[in-house]
Asker: 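A single structure is presented below for examination.
Residue indices begin at 1 and follow the sequence shown. When a ligand or atom number is given, it counts from 1 through the structure's own listing order. Any value given below was found using the heavy atoms of this structure, including those in side chains, with hydrogens, waters and symmetry copies removed. As the structure is a computational prediction, the values presented were derived from the model and not from experiment.
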Amino acid sequence: MEQIAANRAFGGWHRRYRHRSQTLGCDMVFAVYLPPQAEHGPVPALYWLSGLTCTDENFMQKAGAQRVAAELGMALVAPDTSPRGDDVPGDPEGAWDFGHGAGFYVDATQAPYDRHYRMYTYVTCELPALVEAHLPVDERRGISGHSMGGHGALICALRNPGRYRSVSVFAPIGNPTSCPWGHKAFSRYLGEDQAAWRDWDACELITRNAGQGEVLPILVDQGTADSFLDEQLKPEVLARTCEAAGHPLNLRLQPGYDHSYYFIASFIEDHLRHHAAALIG
Ligand SMILES: N[C@@H](CCC(=O)N[C@@H](CSC=O)C(=O)NCC(=O)O)C(=O)O
């Protein structure tokens with residue numbers, strides 16, 4: 001992998017890397033924040049999955065996570081949100097909620113998307129393997145994300161017991177099989193048979209996993225002034241599902257906060273400390 005940027009931050013380093021992804025069949029860029037502790041040995045990592053229209057840069061530039069990550073000795077890893085490139089098909093109408101910047105962290109099964117759109121395998125397998133082989137980052141992994149990335153973080157944790165030690169999300173699409181963003185993405189990436197969508201829906205996975213094996217407590221922050229709240233995000237469905245399944249959920253409704261990175265920046269410290277408790281102790 002090729003380093004394409006490096007910035008000193010809070011005694012550590014923010015770095016960006018480009019690499020050829022075998023999983024996605026294209027070049028990808030990701031960002032890593034390495035805290036000062038990484039100069040003395042491997043540190044745990046929080047994987048951050050961003051939302052629609054984002055790249056690796058939104059979180060690193062807007063969330064303000066580096067100061068606390070440096071204090072805690074935790075790396076931050078931020079991938080892009082989809083495969084990229086001229087030969088990667090996007091939304092036929094050029095919309096922002098599908099295709100480039102909108103990989104939805106699934107492995108597509110439908111042509112023409114199945115060749116490149118395999119973000120689930122990329123973020124759960126290829127990227128951690130690359131990071132852990134080349135950077136001072138070990139296998140203590142937490143996962144978090146926002147909106148589409150909140151959906152991604154939930155399904156990555158719920159589908160992979162043992163792979164992550166902690167999970168938290170901001171304004172997640174918690175029940176994509178019941179909202180317009182999810183319908184659009186899943187019908188194209190996964191096909192019209194809605195039975196196949198359930199494997200990629202956090203609420204379905206929480207219900208399915210009830211009473212079996214690992215149960216990671218979920219921390220959720222959700223702004224009450226979020227313009228996507230009622231139509232796309234539906235935190236009440238996630239709350240009802242967790243209640244019915246006995247899955248520990250800390251859903252914090254934050255009065256007046258919207259869907260933006262101003263909201264994320266306001267509560268990211270709590271999330272980093274939630275992850276540090278599981279990753280570092
Ligand atoms: N461009 C759109 C708005 C898209 C948007 O709000 N994206 C969010 C994630 S939404 C769910 O996944 C985001 O994180 N944007 C990047 C940022 O830096 O804020 C529009 O025009 O409405």
Asker: Do Asn58 and Ser50 meet the criterion of a side-chain donor-acceptor pair at a distance under 3.5 Å?
Answerer: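 No, Ser50 and Asn58 have no side-chain donor paired with an acceptor closer than 3.5 Å.
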
Asker: What is the ring orientation for Trp197 with His183, classed by angle as parallel under 30°, tilted 30 to 60°, or perpendicular over 60°?
Answerer: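 Plane angle over 60°, so perpendicular.
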
Asker: Using a strict cut-off of less than 4.0 Å between a Lys/Arg side-chain nitrogen and an Asp/Glu carboxylate oxygen, indicate whether Arg163 and Glu214 qualify as a salt bridge.
Answerer: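 No, no charged N to carboxylate O under 4.0 Å.
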
Asker: For ligand 1, what are the residues with a heavy-atom contact below 4.0 Å?
Answerer: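 For ligand 1, the contacting residues are Gly51, Leu52, Thr53, Cys54, Asn58, Lys62, Trp96, His146, Ser147, Met148, Trp181, Phe228, His259, Tyr261.
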
Asker: Among Ile, Leu, Val, Met, Phe, Trp and Tyr joined by side-chain contacts under 4.5 Å, find the other residues sharing a cluster with Phe263 and list them by chain and number.
Answerer: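 Traced through the cluster, Phe263 reaches Phe10, Tyr33, Leu46, Trp48, Phe59, Met60, Val68, Leu72, Met74, Leu76, Phe170, Tyr257, Tyr261, Ile264, Phe267, Ile268, Leu272, Leu279, Ile280.
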
Asker: Strictly below 4.0 Å, N to O, side chains only: are Glu132 and Arg141 in salt-bridge contact?
Answerer: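 So Glu132 pairs with Arg141 through a salt bridge.
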
Asker: Quick one: which of Arg16, Arg18, Arg15 gives a salt bridge (charged side-chain N to carboxylate O under 4.0 Å, His left out) with Glu2?
Answerer: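 Single pass found, and it is Arg18.
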
